[in-house]
Amino acid sequence: MEAVAVIDFETTGLSPAQGDRATEIAAVIVEDGRVVDRYQSLMNAGVRIPAYIEALTGITNAMIRSAPAAGEVMREVSDFVGNMPIVAHNASFDAKFWDAELARIERSREQDFVCSLLLSRRLLPAAPSHKLGVLVQYANLPVAGRYHRALADAEMAASLLLRLEDELRLRHQVPRVSVDLLRQIQRTSKAQLPTCLAAARGKTSG
DNA sequence: TGCCAGGCCCTCTTTAGGGCCTT
């Protein structure tokens, strides 16, 4: 599979449209079946983190006060990621914060997001749930650190992505996994998945 | 004033409702 950037945001809440802002971001570059580069930073958006979010993530208002400005961090991380395809767990969440924080520095993205949550529902249908932490346990993936910290979650989402790639190669006998195939799978209905995988098997093997 | 996310998925569906998942 071509190189991708797996990202994860920690934020003050669920919706940038409701005034929520990012507090931390991590991006890990996955290439040739492994993580080859990492970026992580807390970010100060000048907003207060609610107490229950401090408890959830361990990211406190004191930590954010001494962090670099959000715009500075977003410039760095968007340069780091470049035009690589971006992967995130529940990508609709990270994509709306990515877009909202980039818009504040008058940048916009060109690439699509790929969603490891949607892919997991298709490729690991027997998992008891498709929360990142449950999938890590279910697939025996290494716990990379504290859950709800950006770098640990991005590393674990990267491990999950590689596990999904293995699932396609070994279980479904897809000879070559591409980002384009992942995009197809995540928008394919459960009923149409066998047809989609059969086409992927045939595309490069005969 | 009172409201307050939203995209995806499943099903007892499609003229809809409710759960999952992210912080």
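Since the structure is predicted, the reported quantities are computational estimates derived from the model, not experimental observations.
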TODO: Between B:dG18 and B:dT14, how far apart are the C1' atoms? Round to whole Å, please.
DONE: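 So the two C1' atoms sit 16 Å from each other.
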Task: Gap in Å between the two C1' atoms, one belonging to B:dC12 and one to B:dG19, rounded - done: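 Going atom to atom, C1' in each nucleotide, I get 15 Å.
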Over how many whole Å does the gap from [X] atom [atom1] to [N] atom [atom2] extend?
X: A:Lys96; N: B:dT23; atom1: NZ; atom2: P; answer: 12 Å
X: A:Phe113; N: B:dC21; atom1: CZ; atom2: P; answer: 20 Å
X: A:His89; N: B:dG6; atom1: NE2; atom2: P; answer: 21 Å
X: A:Leu160; N: B:dC21; atom1: CG; atom2: C1'; answer: 13 Å
X: A:Phe93; N: B:dG6; atom1: CZ; atom2: P; answer: 13 Å
X: A:Leu135; N: B:dC21; atom1: CG; atom2: C1'; answer: 11 Å
X: A:Asp20; N: B:dG6; atom1: CG; atom2: P; answer: 11 Å
X: A:Gln18; N: B:dT22; atom1: CD; atom2: C1'; answer: 15 Å

Open item on the list: Do A:Thr12 and A:Thr23 have side chains that approach each other closer than 4.5 Å (heavy atoms only, starting at C-beta)?
Closed with: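 Yes, their side chains come closer than 4.5 Å.
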TODO: Report yes if a side-chain nitrogen or oxygen of A:Thr11 is closer than 4.0 Å to either non-bridging phosphate oxygen (OP1 or OP2) of B:dT22; otherwise report no.
DONE: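 No, because none of the side-chain N or O atoms of A:Thr11 sits under 4.0 Å from OP1 or OP2 of B:dT22.
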Task: N/O (side chain, A:Lys190) to phosphate O (OP1/OP2, B:dC10) under 4.0 Å - done: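 Indeed, a polar side-chain atom of A:Lys190 lies that close.
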Which nucleotide in the list [options] gets nearest to the side chain of [X]?
X: A:Asn90; options: B:dT23, B:dC10, B:dC21; result: B:dC21
X: A:Leu132; options: B:dG6, B:dC8, B:dT22; result: B:dT22
X: A:Lys131; options: B:dC21, B:dA5, B:dT23; result: B:dC21
X: A:Ser92; options: B:dT22, B:dG6, B:dA5; result: B:dG6
X: A:Arg122; options: B:dC10, B:dC21, B:dA5; result: B:dC10

TODO: On the 0 to 90° scale, with breaks at 30° and 60°, tag the A:Phe113-A:Trp98 ring pair as parallel, tilted or perpendicular.
DONE: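 Taking A:Trp98 first and then A:Phe113, their aromatic rings stand perpendicular (interplane angle over 60°).
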- [ ] On DNA chain B, check which nucleotide each of A:Arg187 and A:Gly13 is closest to and give me the residue with the more 5' one.
- [x]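 Nearer the 5' end of the strand: A:Arg187.
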TODO: With DNA chain B as reference, determine whether A:Leu14 or A:Asp8 sits nearer its 5' end, using the nearest nucleotide of each.
DONE: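 With A:Leu14 and A:Asp8 compared, the 5'-side residue is A:Leu14.
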- [ ] Taking atom CD of A:Gln137 as the centre, report whether more than 12 heavy atoms of other residues, nucleotides or ligands fall under 6.0 Å from it.
- [x]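 It does not: A:Gln137 CD has 12 such atoms or fewer within range.
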